[in-house]
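We name chains A, B, ... by the order of the sequence lines, and we start the count at 1 in each one. What you see is a predicted model; the values in this text were computed from it and never measured.
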Protein chains: 2
Amino acid sequence: MNKKKSDTSIYTPTECKKFILPVRDVIDIIGGKWRLPIIIALSFKIHRFKELERQIEGITPRMLSKELKELEINGLISRAVFNTMPVSVEYSLTDYGKSLDKVIATMRDWGLTHRNKIRNE
Amino acid sequence: MNKKKSDTSIYTPTECKKFILPVRDVIDIIGGKWRLPIIIALSFKIHRFKELERQIEGITPRMLSKELKELEINGLISRAVFNTMPVSVEYSLTDYGKSLDKVIATMRDWGLTHRNKIRNE
DNA sequence: TATAGCACTATACTAAAGTATATCAGTATC
DNA sequence: GATACTGATATACTTTAGTATAGTGCTATA
């Protein structure tokens, strides 16, 4: 009776870490300098490698290639190769990638409020 | 008539960047290795510096101090000094900081789904 | 034959994020 | 007088993220 389990059930370093893990996953997946620009570009339309390179200004082919691979591993985008001459490769958001929309929208809402708050201080 | 504005209105590098900015803000604010643990810990109760240091295992006082400052600058937490002996300093989430709950919950939901998906592959 | 476009990759580098370790001033306890 | 507590800060270091630049194999066009 001297200790209430419910008060601190989540509030131990271990439980706290467990609570955070899925949130951290999202940050790991869409974090970094280039992932969001890529996801947003692909949410508008399917893109070829060079199109993305031109669309996302400042990105190097090395980073684009690297990030596309990561996003593909995480199942957010898919890669389709066509044997045209020269070969063309199309990147598109998977349904799973599209499901991030809700998350991005929620973040964006808060971020817009934050921007207004900062501006009015 | 040969170009439809609505098709590409958001879809230029400049407009795309504008769209992303508030989302990036959120990542910048809660991203990094230690911000979420700090925010979550403070969402359960007010903490003193040493309490946070003990609660968040692995953090060094340098990082804790650095991140607390950043979070305070962004208005998410507040710092209260009491002239006890020795001095005690209490950190708490502001209402504004608490407003991140919704964002964190949404991210967590998606992250949990992602974890289940990965596990079942 | 030279040049250009596509989808990358390789190598070397710089910058940012995070870690390790020691130390500070003040007080209270052993 | 030595040690420990509080809330930090300083310096030096390593690790991760991102950049710069050049080059690959293929083919079509000039």
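When each of B:Gly32 and A:Leu68 is assigned the nucleotide of DNA chain C bearing its nearest heavy atom, the one mapping closer to the 5' terminus is A:Leu68. Each of B:Glu90 and A:Glu67 has a nearest nucleotide on DNA chain D; the 5'-most of these lies closest to B:Glu90.
A salt bridge does not link A:Lys33 to A:Glu67: none of the charged side-chain nitrogens sits closer than 4.0 Å to a carboxylate oxygen. Salt bridge annotation for B:Lys117-B:Glu121: present, with a cationic side-chain nitrogen under 4.0 angstrom from a carboxylate oxygen.
Residue A:Tyr91 is classed as a sugar-phosphate contact, given heavy-atom separations below 4.0 Å to backbone atoms only.
Between A:Ser88 and C:dC6, a side-chain N or O to OP1/OP2 separation shorter than 4.0 Å is absent. A close approach under 4.0 Å does not occur between any side-chain nitrogen or oxygen of A:Lys66 and OP1 or OP2 of C:dT9. Within the structure, a side-chain polar atom (N or O) of B:Lys69 is placed less than 4.0 Å from OP1 or OP2 of D:dT9.
Among the nucleotides C:dT19, C:dA7, D:dT6, the one closest to the side chain of B:Arg54 is D:dT6. In the set D:dG7, D:dT19, C:dT19, the nucleotide with an atom closest to the side chain of B:Phe49 is D:dG7.
At whole-Å resolution of the value, CD in A:Gln55 and P in C:dC6 are 15 Å apart. The distance from atom CD of B:Glu72 to atom C1' of D:dA8 is 14 Å, rounded to the nearest whole Å. Distance, B:Met63 CE to D:dT9 C1': 14 Å, rounded to whole Å. Atoms CD1 (B:Ile38) and P (C:dG18) sit 11 Å apart, rounded to a whole Å. For the pair B:Asn83 CG and D:dG7 C1', the computed distance is 15 Å after rounding to whole Å. Per the geometry, CD belonging to B:Glu53 stands 13 Å off C1' belonging to C:dT21, to the nearest Å. If you take CZ of A:Arg24 and P of C:dA17, they are 14 Å apart, rounded to a whole angstrom. Rounded to whole angstrom, the span from the CD1 atom of B:Ile30 across to the P atom of C:dA17 amounts to 16 Å.
Residues B:Phe82 and B:Glu90 are in side-chain contact: their nearest non-hydrogen atoms beyond the backbone lie under 4.5 Å apart.
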Run the salt bridge (charged side-chain N to carboxylate O under 4.0 Å, His left out) check on B:Lys17 and A:Glu57 step by step: do they pass?
CA-CA 10 Å; B:Lys17 244 188 253 169; A:Glu57 46 184 45; 3.0 Å; yes
Output, in order, the C-alpha distance, side-chain angles, deciding distance and verdict of salt bridge (charged side-chain N to carboxylate O under 4.0 Å, His left out) for B:Lys50 and B:Glu53.
CA-CA 5 Å; B:Lys50 273 286 160 178; B:Glu53 204 183 327; 3.5 Å; yes
Restricting to nitrogen or oxygen on both sides, can you table the protein-nucleotides 20-26 of chain D pairs closer than 3.5 Å?
none

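Between the side chains of A:Thr94 and A:Ser78, no donor-acceptor pair is found at a separation under 3.5 Å.
Using the six-membered ring where Trp is involved, A:Trp110 and B:Tyr96 have ring planes that are parallel, under 30° apart on the 30 and 60° scheme.
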